[in-house]
**Student:** 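The structure under discussion is supplied below as structure tokens; questions concerning it will follow.
Note that the structure is a prediction, hence the values are computed from the model and not measured. Just so we're on the same page: letters track the sequence lines, and every chain starts at 1.
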Number of protein chains: 2
Amino acid sequence: MKHDLKAKNILKSAMLYCTKPRNDILKVLIVAKTPLTQKQITEKLGKNQHNKTTIYRTLRTLAKKDLVHKAYIHKKASHFELAENCGKTRCHPHFTCSNCGKTICLTDISMPLIKGLKKGFVLQRQKLQLLGLCPDCSS
Amino acid sequence: MKHDLKAKNILKSAMLYCTKPRNDILKVLIVAKTPLTQKQITEKLGKNQHNKTTIYRTLRTLAKKDLVHKAYIHKKASHFELAENCGKTRCHPHFTCSNCGKTICLTDISMPLIKGLKKGFVLQRQKLQLLGLCPDCSS
DNA sequence: TATAATTTGCAACTTAGTTGCAATTTAAAA
DNA sequence: TTTTAAATTGCAACTAAGTTGCAAATTATA
Ligand SMILES: [Zn+2]
Ligand SMILES: [Zn+2]
Ligand SMILES: [Zn+2]
Ligand SMILES: [Zn+2]
């Protein structure tokens, strides 16, 4: 149960109550390869079902501690992922296929931080969203 | 009625029926300084009210012709703007204040196009979203 | 003016996400 | 271990953005 331990540690380090819903949801996010919606998390929870309110609240709690990011919104649904592949103020880019809807995390491509922000602006997070055709749909 | 003429020309160039709803909605977008939601467009329409379905359909029609962009989503609501301040595949960045919710169009700041996309990916549009504190909220 | 094609308005619907509250669970003290 | 206070959960009811089907109205063209 390597992921179970990791989930527990994440919660402990963030000084959060270690509950079964949080643990289960974190484990789903740990093994996920792309950001997930509440619905997708519910599907992946399998027999460890939890109320959708609990899932939304857990995601918000984890996001407040910057452990989870709302990566992007697609078809009205927010997609969440662990923050571990993002920098302090910069997230990795996400490429969404306008044909099939699939999204790919570009964890190996980085964009420079924006330059030239006028005085007074404090940047907390930079997100890059790419739309286009994925390899499957462009051939 | 300079804006009226501009709206008419936009519709004509795109080979779209020139109807009163489309004209009115376009005029609102022409004078807007930031992206607007359907609700905000309705407010700015004043006495030229149109059904919300019509507004959504008009926005979709204009977006299909790349005259309008869904710039970003904030608090579950899509925000639309004219595409005229965006490049062919690159939109100008948007800075949203996490404190007051205000959004600023950074039309004078440009980010390089992403490099290093793997073979097969076809980029259609690049969007940059910035979150942080605006000058009013950072002092 | 007549005609065909397109667009509009309405009402009903879908669905992501939120809220209040009572019941349950957690963590830490006794 | 038992007790206790604080935090979390589940439920049902709700909010609100956006969509759909269809009849009526409008547009462009001849
Ligand atoms: Zn695709
Ligand atoms: Zn990602
Ligand atoms: Zn602000
Ligand atoms: Zn803008």
**Student:** Ignoring backbone atoms, establish whether B:Tyr56 has a side-chain N or O less than 4.0 Å from OP1 or OP2 of D:dT19.
**Tutor:**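 So the side-chain polar atoms of B:Tyr56 never come under 4.0 Å of the phosphate oxygens OP1 or OP2 of D:dT19.
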
**Student:** Rounded to whole Å, how long is the line connecting atom NZ of A:Lys8 with atom P of C:dT26?
**Tutor:**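 About 11 Å, once rounded to whole Å.
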
**Student:** Looking at B:His50, does any N or O in its side chain come under 4.0 Å of the phosphate oxygens OP1/OP2 on C:dT8?
**Tutor:**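 Looking at the OP1 and OP2 atoms of C:dT8, neither is under 4.0 Å from any side-chain N or O of B:His50.
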
**Student:** I want to check one thing: is the phosphate of D:dT27, taken as OP1 and OP2, less than 4.0 Å away from some side-chain N or O of B:Arg22?
**Tutor:**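 No.
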
**Student:** For the base of C:dG17, is there a side-chain donor-acceptor partner from A:Arg57 under 3.5 Å away?
**Tutor:**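 No, the side chain and the base share no sub-3.5 Å donor-acceptor pair.
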
**Student:** Checking A:His94 now: which residues fulfil side-chain hydrogen bond (donor to acceptor under 3.5 Å, both in side chains) with it, not counting sequence neighbours?
**Tutor:**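 side-chain hydrogen bond (donor to acceptor under 3.5 Å, both in side chains) list for A:His94, sorted by chain: A:Glu81, A:His92.
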
**Student:** Which residue, B:Leu16 or B:Ser78, contacts DNA chain D at a nucleotide closer to its 5' end, judged by nearest heavy atom?
**Tutor:**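 Taking each residue's closest nucleotide, the earlier one in sequence belongs to B:Ser78.
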
**Student:** Are B:Lys118 and A:Asp108 within salt-bridge range, i.e. N to O under 4.0 Å?
**Tutor:**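 Yes.
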
**Student:** Regarding A:Thr53, tell me which of base, sugar-phosphate or nothing describes its non-hydrogen contacts under 4.0 Å with the strands shown.
**Tutor:**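 Base: the residue A:Thr53, judged by heavy atoms under 4.0 Å, touches a nucleobase.
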
**Student:** Nearest to the A:Thr19 side chain among C:dT8, D:dT9, C:dA16, which nucleotide is it?
**Tutor:**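 Of the options given, the side chain of A:Thr19 lies nearest D:dT9.
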
**Student:** Select base, sugar-phosphate, or nothing to describe what B:Thr61 touches, counting heavy atoms under 4.0 Å on all strands.
**Tutor:** nothing

**Student:** Reckon B:Asn51 has a side-chain N or O less than 4.0 Å from the OP1 or OP2 of C:dT8?
**Tutor:**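 No.
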
**Student:** Under 3.5 Å, is there any donor-acceptor pair linking the side chain of B:Lys76 to the base of D:dA17?
**Tutor:** no

**Student:** State plainly whether the residues B:Arg125 and B:Asp66 are in salt-bridge range, i.e. N to O under 4.0 Å.
**Tutor:** yes

